[in-house]
Amino acid sequence: MGLRFYNTLTQSVEDFVPANGNEVRMYTCGPTVYNFVHIGNLRTFTFQDILRRWLQYRGYQLNHVMNITDVDDKIIRNASKEGKSLQEYTEVYTQAFLEDTGKMRLQRPERMVKATEHITEMVDAIQTLAHNGFTYESEGSTYYRISKFPEYGKLSHIHFDGMKAGARVDVDEYDKESAQDFVLWKAKKPGEVSWDTAIGDGRPGWHIECSVMAMKYLGSTLDIHAGGIDLVFPHHENEIAQSEAISGKPFAKYWLHSEHLNIDMQKMSKSLGNFYTLRDLVGMGYSPEALRYTLAAVPYRKKLNFTMEGLAGSQTSIDRLRNYKLRLETDKLGAGANAEFTKRAADALAAFETALDDDLNTAEALAAVFEYVRDTNSAMDSGAFLADNAKEALAFLEKFDAVFDVLKPSVAEGALGDAEIDAKVAERTAAKKARNFQLADQIRNELLELGVVIEDTKDGVRWKRK
RNA sequence: GGCGCGGUAGCCAAGUGGUAAGGCACGGGUCUGCAAAACCCUUAUUCGUCGGUUCGAUUCCGACCCGCGCCUCCA
């Protein structure tokens, strides 16, 4: 079976077949730049990164657009509170976003686009919607009339025919004809940033930017649209309503949504004091790779229960893989290949690929890796694992890392260069040979303080940076 | 009230109508001048509860209990 994804639109797992051969046109909802990204945001972006990498692994050519929302209520409020312009304020968090996602090793989309740089296109789109009869004006704002779009609710599978008892309704939005109608263009309020346009002086509603930018750069029907599960309603539902009312075509074929994470079984929130950004965790001594691994290891449609114990465990898991790689590179193995392990390498790779093809089952993919690592570690001990098998293992690790990208340490190299460390290690080895253990231990401790760990193995001494 | 997700070893977590992956932690061991590091082994007769279907269910069906999400801004 080939690559397949769970599609929110159809609520089923479907074979993935993009419209144009190998090209994948993908749009993902990026950050609203009013703060540093927290680990919940990063779960979604890490999922999107795994998705990107797996599509590439499978030979697809990506054309991925991500938006940056740089105008919205929170941004306007916070910017004015700090006495900054919109640009000054959002620039800080846009840069921080790029830095943080870089540390997380998230690939950059082919194109990142800002809402404020597409005001003209949004106005055009709203005028087209007006022309097609999907809008109405009220007190200077323009609204989308949901009743004109019968398929409204098809993504979130919410039925709006007849309000249910208990459903909450915005009572104060009296200027809307219907509670589900949403704003396309908000009339200017005193003191707020605004654009004076053909449809009035104001600013865009939240949803229109994504419809406009997605269609501008990717055409009227996307292959994949992805985001966090909370965006299904209303954001993505509204994007569909807007886009399809403009183009008359399906907006996206596959809708992929990632689940949220909890912290120690509870929702992450500032009031509970369990709210973390990448910067917080790095400040506590955790590596970005440990977070990356933690977020990637649980399949994206499962709620992820984030714990500090789990984060530390991820670092240990990564270390184990790094040690394994180091061992493959340094152990003195017999020449040739053991056919048994050639087969196991192929089997492990097949299991790895099958798991990721199945709606990105990262947990199962990792199981395939670790099972192989354990088997071959034992075989290296027994001598059954030969030099060419090690090459196969390294090739497998390379494929693993093309997706998970956790093997390369991101810690600074520290004060010592490789040559200096080699010299120190040689000095210690000589001391050991002379049975001057006091000097040997002293050198070992010195190196340890500089973040270098010495390992005595049956094939000699090797070292690594901690 | 509507829609949806989940409850598998101390923790994280995969999975299937045929008898429970993997990771972390704990414990044990190998190696070692001692250590460290590394590596290996061990850990669920059992998959929320109660019924049903079946030769057989953790896996299907029903009921119930518990936790969570969305329906309003939210990754």
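By convention in this document, chain letters (A, B, ...) are assigned in the order of the sequence lines, proteins followed by strands, and residues within each chain are numbered from 1.
- Using a 4.0 Å heavy-atom criterion, one finds that A:L231 contacts the sugar-phosphate atoms exclusively.
- Taking atom CD1 of A:I443 as the reference point, atom C1' of B:A36 lies 16 Å away to the nearest angstrom.
- Remark: A:A79 engages A:Y89 in a side chain to side chain contact (heavy atoms under 4.5 Å, CB included) (not counting sequence neighbours).
- The side-chain hydrogen bond (donor to acceptor under 3.5 Å, both in side chains) with A:Y300 is formed by just one residue from the set A:T362, A:T46, A:D359; it is A:D359.
- Across all strands shown, A:L261 has heavy atoms under 4.0 Å from base atoms, whether or not it also approaches the sugar-phosphate.
- Using C1' as the reference atom, B:U72 and B:G67 are 23 Å apart when rounded to the nearest Å.
- For B:A38, the base has no donor-acceptor partner in the side chain of A:R327 [N/O atoms by modelled type, under 3.5 angstrom].
- Taking A:V92 as the reference, nothing meets the side chain to side chain contact (heavy atoms under 4.5 Å, CB included) condition, with sequence neighbours excluded.
- Applying the Watson-Crick and G-U wobble criteria (two distances, each under 3.5 Å), B:C5 pairs with B:G67.
- Distance from the side chain of A:T316 is smallest to B:C24 among B:C12, B:A38, B:C24.
- Taking the side chain to side chain donor-acceptor pair (under 3.5 Å) definition, one finds that A:K464 meets it with A:N323, A:E455, sequence neighbours left out.
- Under the rule for a side chain to side chain contact (heavy atoms under 4.5 Å, CB included), the partners of A:T32 that lie at least two apart in sequence or sit in another chain are A:Y34, A:T69, A:D72, A:I75.
- Within the nucleic acid shown, A:P299 comes within 4.0 Å of sugar-phosphate atoms alone, with no base atom in reach, counting heavy atoms only.
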Report each atom pair, protein N/O against N/O of nucleotides 20-22 of chain B, whose distance is under 3.5 angstrom.
from  : atom 1 : to     : atom 2 : distance (Å)
B:G22 : OP1    : A:R374 : NH2    : 2.8

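- When atom types are taken as modelled, the side chain of A:N338 and the backbone of A:F385 share no donor-acceptor pair closer than 3.5 angstrom.
- In this entry B:G62 has B:C50 as its Watson-Crick or G-U wobble partner, both defining distances falling under 3.5 Å.
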Distance-only donor-acceptor hits, side chain of residues 35-45 of chain A, under 3.5 Å, sequence neighbours excluded:
from  : atom 1 : to     : atom 2 : distance (Å)
A:H38 : ND1    : A:N41  : ND2    : 3.1
A:H38 : NE2    : A:N41  : N      : 3.3
A:H38 : NE2    : A:N41  : OD1    : 3.4
A:R43 : NH1    : A:E259 : O      : 3.1
A:R43 : NH1    : A:H260 : O      : 3.1
A:R43 : NH1    : A:K302 : O      : 2.6
A:R43 : NH2    : A:V298 : O      : 3.4
A:R43 : NH2    : A:P299 : O      : 2.9
A:R43 : NH2    : A:K302 : O      : 2.8
A:T44 : OG1    : A:S258 : OG     : 3.1

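- Summarising the geometry, the separation between CG on A:L106 and C1' on B:A75 is reported as 13 Å, rounded to the nearest angstrom.
- If you check B:C24, B:G33, B:A75 against the side chain of A:R444, the one that comes closest is B:G33.
- The 5' end of RNA chain B is approached more closely, in terms of each residue's nearest nucleotide, by A:N323 than by the other of A:N323 and A:H235.
- A donor-acceptor contact shorter than 3.5 Å is absent between the side chain of A:R105 and the backbone of A:F404.
- Across all strands shown, nothing is found opposite B:A20 as a Watson-Crick or G-U wobble partner with both distances under 3.5 Å.
- Sorted by first and then second residue, the side-chain hydrogen bond (donor to acceptor under 3.5 Å, both in side chains) pairs with a member in residues 344-356 of chain A read A:Y57-A:E353, A:E340-A:R344, A:K343-A:D347, A:R344-A:D375; sequence neighbours excluded.
- The side chain of A:V453 has B:A37 as its nearest neighbour among B:G23, B:A37, B:G4.
- The nucleotide B:U43 finds no pairing partner, because no Watson-Crick or G-U wobble arrangement with both distances shorter than 3.5 Å includes it.
- Using cut-offs of 30° and 60° for the angle between ring planes, the A:H236 and A:H257 rings count as tilted.
- As judged by a 4.0 angstrom heavy-atom cut-off over every strand, A:H38 is placed among the base-contacting residues.
- A distance cut-off of 5.5 Å between ring centres, combined with a plane angle under 30°, leaves A:H260 outside any stacking arrangement with the base of B:G69.
- Across the strands present, B:A14 finds no partner; the criterion is a Watson-Crick or G-U wobble pair with both atom distances under 3.5 angstrom.
- Taking atom CZ of A:F385 as the reference point, atom P of B:C39 lies 14 Å away to the nearest angstrom.
- Applying the 4.0 Å criterion to OP1 and OP2 of B:C74, one finds that A:W206 has a side-chain N or O inside that range.
- The listed nucleotides are B:A38, B:C34, B:C71; the one nearest the side chain of A:D441 is B:C34.
- Nucleotide B:G33: unpaired (no Watson-Crick or G-U wobble partner with both distances less than 3.5 Å).
- Summary of the strand contacts: A:H157 and A:V373 both lie near RNA chain B, and taking for each the nucleotide with the nearest heavy atom, the more 5' one is attributed to A:H157.
- In this view, A:S156 and A:I158, A:V232, A:F233, A:E237 satisfy the side chain to side chain contact (heavy atoms under 4.5 Å, CB included) rule, not counting sequence neighbours.
- Atom CG in A:L155 sits roughly 14 Å away from atom P in B:G4 (whole-Å rounding).
- The residue A:S378 sits close only to the backbone: its heavy atoms come under 4.0 Å of sugar-phosphate atoms, none of a base.
- Rounded to a whole Å, the OH atom of A:Y286 is 13 Å from the C1' atom of B:C24.
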Atom pairs, protein N/O to nucleotides 6-11 of chain B N/O, distance under 3.5 Å:
none

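- The separation between A:N238 atom CG and B:C71 atom P is 12 Å, rounded to whole Å.
- Listed candidates were B:C40, B:A37, B:A75. Nearest to the side chain of A:E455 is B:A37.
- Residue A:N361 places none of its side-chain N or O atoms closer than 4.0 Å to OP1 or OP2 of B:A14.
- Across all strands shown, nothing is found opposite B:U72 as a Watson-Crick or G-U wobble partner with both distances under 3.5 Å.
- Rounded to whole Å, atom P of B:C34 lies 17 Å from atom CD1 of A:I454.
- As judged by a 4.0 angstrom heavy-atom cut-off over every strand, A:F233 is placed among residues touching the sugar-phosphate backbone only.
- Note: CE (A:M380) to P (B:A38) measures 14 Å, nearest angstrom.
- Tested against A:H207, the residues A:F182, A:Y144, A:F251, A:Y143 include a single ring-ring contact (aromatic ring centres under 6.0 Å, His included) partner, A:F182.
- Listed nucleotides: B:C73, B:G4, B:A38. Nearest to the side chain of A:R462: B:A38.
- With values rounded to the nearest 0.5 angstrom, A:R322 atom CZ is found 9.0 Å from A:D401 atom CG.
- The base of B:A37 has none of its N or O atoms less than 3.5 Å from a complementary donor or acceptor on the side chain of A:D456.
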